[in-house]
Amino acid sequence: MSKSGKLQSIRGIHDGLPDEVRRWRHVEAAARKVFARHVFDEVRLPVLESTELFVRSIGEATDIVSKEMYCFVDQGEDHICLRPEGTAGAVRAYLQAGLTRAGAQRWFYIGPMFRRERPQKGRLRQFQQIGVEWFGVAGPVEDVEMLVMAHDFLVEIGLEGLSIEINSLGCSVCRPPYRDKLVAFLEARADSLCDTCRERIAKNPMRVLDCKVESCQAQLTDAPEMVAHLCGDCAAHFGGVKSGLEALKVPYRINPRIVRGLDYYNRTAFEIVTDRLGAQGTVLAGGRYDGLVEELGGPATPAVGFAAGLERLALLLPEVPAAKPDVAVVALGDAVLDRSLELAGQLRRDGIRVVHCGGGGAKRQFKVADREAARFTLVIGEDEMTAGQVTLKRMDTGEQWTVPLAEAAAMVGHGEAA
Ligand SMILES: [Zn+2]
Ligand SMILES: [Zn+2]
């Protein structure tokens with residue numbers, strides 16, 4: 001509760017009111033349409049998971065787990081969290097259902113995630129993510145297909161100014177020697193790096209590469225890049241991704257600054273950015289996580305996925321206008337009220353969008369009809385009822401006709417309501 005005593009939503013947690021939800025639905029519809037063409041199935045996974053799942057998958061040392069998760073101990077003394085992301089739960093479900101021998105699984109999900117981030121930065125503490133996971137495929141063909149699906153999805157939404165950025169994070173063979181080289185490079189410049197970067201040199205040197213501080217980036221122009229230190233297998237894999245994108249004439253750029261914080265991420269990492277958001281341009285991020293299924297107790301299983309924030313995508317859309325009613329029904333007199341309700345029902349069964357103006361005084365009802373901005377007003381009085389007819393008025397031209405209902409329906413009729 002706020003100081004004034006009025007009930008308020010929790011800070012950083014927003015309501016989805018109709019204007020916003022229409023945009024969300026536009027994004028969701030695009031996702032469902034494009035993912036269906038690639039034969040991905042929807043899963044609906046729990047919002048609550050055991051705390052241990054995220055400690056084991058995302059890692060205790062990360063900001064997400066150490067600072068940002070909403071965790072609690074429930075009445076049965078179980079340690080539970082609101083999920084901060086979707087992949088860990090998807091892997092848990094995949095293993096729990098025993099699907100590791102069932103062939104490749106293609107999943108997507110849409111749902112809320114929770115992170116206690118600082119709301120002053122405009123971050124939402126409850127946000128929606130659209131995520132995709134493809135288990136049991138080693139690529140590089142599937143990496144290309146994943147990128148194409150992600151890009152098609154954003155194009156389907158209507159986003160412009162998109163570009164694909166890819167990188168390779170190597171593997172357990174080529175990453176450790178590369179990491180040593182990077183650490184040596186960073187240590188020589190430690191004095192010029194920010195506090196966060198200095199801390200990361202030992203713990204997570206690759207994360208230094210994507211530091212957003214300008215003075216750090218200035219130090220990193222000559223930093224060794226993973227893509228130049230790939231082992232033979234990783235180089236061949238990355239080559240396969242690049243040639244696949246080239247064959248499809250999908251433009252991309254190699255961005256050696258795309259990194260992930262955790263060891264189970266390997267090889268292909270990608271982001272799709274737009275120039276319509278200013279500096280914070282990433283709208284979708286993904287890549288390969290061949291080590292995670294094993295990390296969570298399953299057999300070694302390669303996997304690739306991506307995720308995008310729904311609210312962030314919706315922000316880039318123009319307003320999606322509310323659909324107006326086709327017909328507002330006005331009943332002149334109590335004697336025709338039942339008949340007017342029946343007519344409204346018949347029209348709706350024909351797929352026409354109908355509001356009933358509530359009966360009562362004619363003046364009030366016409367006011368309601370005006371406010372609803374229906375394309376037509378359908379008026380029924382006692383004379384019309386006796387004659388088995390209705391009066392249909394087209395609101396933009398003022399034309400009107402007294403005709404049987406079926407005829408009126410046909411005149412309104414443009415088939416299904418949107
Ligand atoms: Zn490698
Ligand atoms: Zn830094």
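Whatever order the structure lists them in is the order used to number ligands and atoms, beginning at 1. In this chain, numbering begins with 1 at the start of the sequence shown.
- Comment: Arg32 engages Glu42 in a salt bridge, judged by a side-chain N to carboxylate O separation of less than 4.0 angstrom.
- Here the angle at the Zn ion (ligand 1) defined by SG in Cys231 and SG in Cys171 stands at 110°, rounded to 10 degrees.
- A salt bridge between Lys367 and Asp370 is absent, with no side-chain N of the basic residue lying under 4.0 Å from a carboxylate O of the acidic one.
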Handout entry: Check against salt bridge (Lys or Arg N to Asp or Glu O under 4.0 Å), Asp210 and Arg257
Key = CA-CA 5 Å; Asp210 78 343; Arg257 298 285 188 268; over 6 Å; no
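- A donor-acceptor pair under 3.5 Å is formed between the side chain of Arg353 and the backbone N or O of Lys324.
- Within the protein, the N, O or S atoms lying under 2.8 Å from the Zn ion (ligand 2) are Cys194 SG, Cys197 SG, Cys211 SG, Cys216 SG.
- Gln346 contributes no side-chain N or O that, together with a main-chain N or O of Leu343, makes up a donor-acceptor pair within less than 3.5 Å.
- A donor-acceptor contact closer than 3.5 angstrom is absent between the side chains of Tyr289 and Glu295.
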